Structure formats: C-alpha cells, structure tokens
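Scroll down for the structure; my scribbles are underneath it.
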Amino acid sequence: MKAMVKAVVGLVCCLALVKATSPNYVFIVIDDAGYNDVPYNNPEVIAPTIQGLAEGGVILEQAYFYMFCAPSRASMLSGRLPWHTVQQFPDSAQGYHGGLQLSYTLLPALLSRAGYRSYQYGKHHQGSYHRAYTPAGRGFDRTLGYLCMNKEDHWADPGVAPWATGCSAVDWWDTYTPPKTNQSGVHVADRIAQAAVEDIQTHPEGVPLYMHVAFYNIHEPIQEEQKYIDLYPNVTNTCRQTIMAMMSHVDAAIANITQALTTRGLMDNTVIVVITDNGGELNGGGGEPGRPGLTSCGNNCVESQPNMCLRGGKHGLYQGGVRGVALVNSRLLPAKVQGTHYAGLVHAADWYPTFAALAGVSTNNTGPVPVDGVNIWPALSGVPDTPEPHSDLLIMAGTPERQDLSSNGAIIMRNQTSGELWKLIIGRQMPDWWQHLPNNTRENGTDTCTPYCIYELMADPEERHNLAHTRQDIYAELSALYKQRTSVFVPADPPCKDCGSDRFCAAAAAYGGYTGPYGTLPDALKQYEVEMNE
C-alpha cells in the first residue's frame, strides 16, 4: 500500500513538474501584414514592441503562407499544408457553411493533453455553422472574437453576413454565447488586448498557457484613429500613412499583452510568435469614415508598397502574396541566436509540431493525413548539423477537381547541392505588379505564367526573370514533385443539413442580434457533437 501511495505521489509530482516547466505560447497573427509593414524591415513604421521582440528573437526570412487568410490559419492550427485542408477550397467547404475538417485535432485540443489552458481572440474563420466548428468546439477553453468575419469596420458593428439575406448581425462571440456586454464602438484591437490581459491576470498558477491572438489589423478597411495617424505627420500618401498607423495601433495592443506577461512573471518561460497570414493587400478598401477621430482612405485604396521589392501581394502566388513576415521571441532560445535572422524554409504549419514537441505531446493520429509541418525549434536554436526544415514546400495546388498542371498552383524546391531556391508558378496571377514609393507608381510585369513560370529566388527574389523557356530540366523536376505532393487529397466534411438564411437570421434574433451557430451537423459527423458547459 505504501509503495502504491509513493507511486501515486510520484506521478502527481511528475505531472506538476510538467505543468510548471512546459512553455507558455502566445501566438500573435497580424492580418495582412506585408513585408514592408513591420519596423525591422521598414524603420519608418513606429512599432517599438514588435521591434523589441525582433531584436531579442529570431526573424524568419523565408516564412511561407497561403495567398489569403483562412488556409494559412488552418495550417497554423492543424499542422497541415493548405492542400490537405478544405479551407483552400471555399466552394468545397460549402462556403461559410463548412470549415476545417473535424477529423483534425487542432492545436488547443492537442495541447490540452499536456495540461494546457488555451485562449483564442479575434478572427477564427474556420467554420461556425455548428458549435463543433467554433473555437470552443475545437478545443479552446476561452474565446472572444468573430467567427466568420462579416466585418464592416474595426469596431465590430452590425454587418450583413455574405450568405444571409434579410437580416444583419454583430459578428462577435464569447466562447459559447453572445458577449455579455455591448462593446460596440471599442476598437477590435483594444478589445482583444483587454481580454488577453484580463485572462493572463487570472490564469491559474502552474498551468501552461496557450494564447492564439488573431488581430483584425491591418486588414481592410484601411482606417484608423487620429491619434495613431498623428504619429506620421511626414507621410504624405494617405493610404500608406493609415496602414502604418494601423500597425502602430496593433503594436500598442501587443505591448499591453507583453506587459501583462511580465507582471505575472511568465516571460522567462514563454514563446511569443508574431506572424502574418499572407502578404500585404495591394487593393484595400477604405470603409466608411463616419466615426469621430477616424481617418479612412475611402474606396479603392491602393496600399503603397506593402511588400517592399517583392512582386504581387495577397490573392496571388508571387512572393509578395506568399512570403510573409514572422518572428519568434523567447528567453528559452539560446543567447547566441537571439537577435539573429534565420534563412531556412519554414511554413505556417510548422508551429503545430514545434509547440507539440516543446510540450512533450505526440502529433501522431491527429488527422486523416500525417502532419506536414516540422519541429523548427532545433533549427531556430542553432543546434549544430540541424537540416533545413523543408527541402520543398507546396504553396498551393489546383482544385479538388483539377489536380493537374493545368490548374493554378505553386511549389518551391531547394537544391541541396547549390543552395538555389527554385519556384514553379502555374497559371495567371493577379496582382502581378511591383508597387513603388514614394510616388505610388505601379510597374507591371510582362510574364503571365500561362502556362507556367520558373524563378530562381536566391538570385531573383523579385521574380523578374522567368526561366521557363531555358530551364526545362528544372520544370521537369518541379512538375514531378508537384504531382507527388498533391497525390493525397482530404475531402471536405459532408455539407450542413439545414443551413440557410432563414436559419441564420432566426439564430441571430435568438442571440440578441449576434452571429452564432445556427445549423445541424449531418449524420456522418455526429461523433463530433461537443458538450459545452455554459
């Protein structure tokens, strides 16, 4: 009996030790942040918190994403490339009536196996018609944000859902229910930071923490409060000035979060990631300037050079759309790598296995296909003889119906001997131009990638020299790799049984004018019904 007691006590102590030493994670997503929108690439941007995190951390120079938001976010949460998540194909996900396949164990649910308490704020965009698809349904213990992004501005006032007719609703949800207080008129960035700070202050002692902080800044509409605009009196381009002000606002919100972590004494054991979800938007709308103290660009705003010298932007497969900004800051990183740049290939999907490995959790049997991401912590830590995380990355591939080389797609491949970085783009891309300051001029490209383009990115990071006609050997290698990487496709979940405008509007009325779950899972997904204690 005494031996059993000792064993039980030892097990309890062991679990307590794991909980006390497992790192905390604060994962910050800045929506649509371009290569030129962060202070470590552009010193004109006033964002001292982000700059400090970069100077004390590791900047990821070759971080890749999907060309728009939802697939990149699916990769962050599932560890799979966009090709393996239905979010790459909105039509296959029944538009807004579907979401990231329920067969995947997402990061918060995975980390819960190691005793983590998890929080989610801001943009979800991975499904919401049923509570099983909501952040709480996917494993987050506490959530506050918008489920499907029918946004009219940065204050979360009522907006018309893209799929609903005859009603409007406020897209703001608090874990299982509509928000308990009306915060209309409070900027979303401030609302997110306030919730994160409050949860850090009350987070249970000795329990590892995972926070997924998904800001709406600097996504369109391009609009900002005047006090942040005033930080840039010498920037004459109104759209560029407003974008920079939006970055300063989100930086202030991040500062509140990092200060709360410091006050709680959590920083020594915390990993902070600051990341975009795609390249910068080249054609952002300005929204309505009808608020006191608000500057708006008006409609058809062209954001000046969000991606520096990189070609294109969001919605296209040139580097300006898929090579994004990312940094990691942690005192757990060796001192020798703090304040450095890492040039190896990394992807948004890599954080899933990285966080799991640091927490001591296996990623086996977490979905219908194995994890595509790689644990990048050894590489970022400068462990000797650590290989580059990826020798190739499938960025995008066709459609479920067209998995051949006649469809839209892109893949990147590293030559392990020469170090060359080759890229294949299939199909016409828009935007396909370079945007130049200070006069906001557009330089159009002449190659259309119809049927394809080939670039060597180490010598040609701006994608100015299409080698499709001279490097057929590279095309043969890339096209074969492309077909290999797209050989396994994961279908969408079966469609919602009864989703439609009438159900959405009835649910919004029942929720007091807020967007929330409104449909019924098909029979094939009944195993994913979740019990939620309100």
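A quick note: this is a predicted structure, and the numbers were derived from the prediction, not measured.
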Quick one: list whatever passes ring pair (Phe, Tyr, Trp, His ring centres under 6.0 Å) with Y342, sequence neighbours left out.
none
Would you call the rings of H187 and H154 parallel, tilted or perpendicular, where under 30° means parallel and over 60° means perpendicular?
parallel
Is D171 paired with K123 through a side-chain N to carboxylate O contact shorter than 4.0 Å?
no
Indicate the ring-plane relationship of F68 and Y66, choosing parallel, tilted or perpendicular according to the 30° and 60° boundaries.
perpendicular
Please identify each residue that fulfils salt bridge (Lys or Arg N to Asp or Glu O under 4.0 Å) with K336, with sequence neighbours left out.
none
I would like to know whether H341 and V58 meet side-chain contact (heavy atoms from CB on, under 4.5 Å); could you show each step before the answer?
CA-CA 5 Å; H341 295 238; V58 179; over 6 Å; no
In this structure, CG of L102 is separated from CD of Q126 (nearest 0.5 Å) by 11.5 Å
Picking from H203, E205, Q259, what satisfies side chain to side chain donor-acceptor pair (under 3.5 Å) with R264?
E205
So, using salt bridge (Lys or Arg N to Asp or Glu O under 4.0 Å) as the criterion, who are the partners of D190 when residues are at least two apart?
none
Which word best sums up how the rings of Y25 and F355 line up, parallel for under 30°, tilted for 30 to 60°, or perpendicular for over 60°?
parallel
Donor + acceptor pair across side chains of R80, Y104 (<3.5 Å)
no
Could you tell me if the ring centre of Y210 sits under 6.0 Å from that of F140?
yes
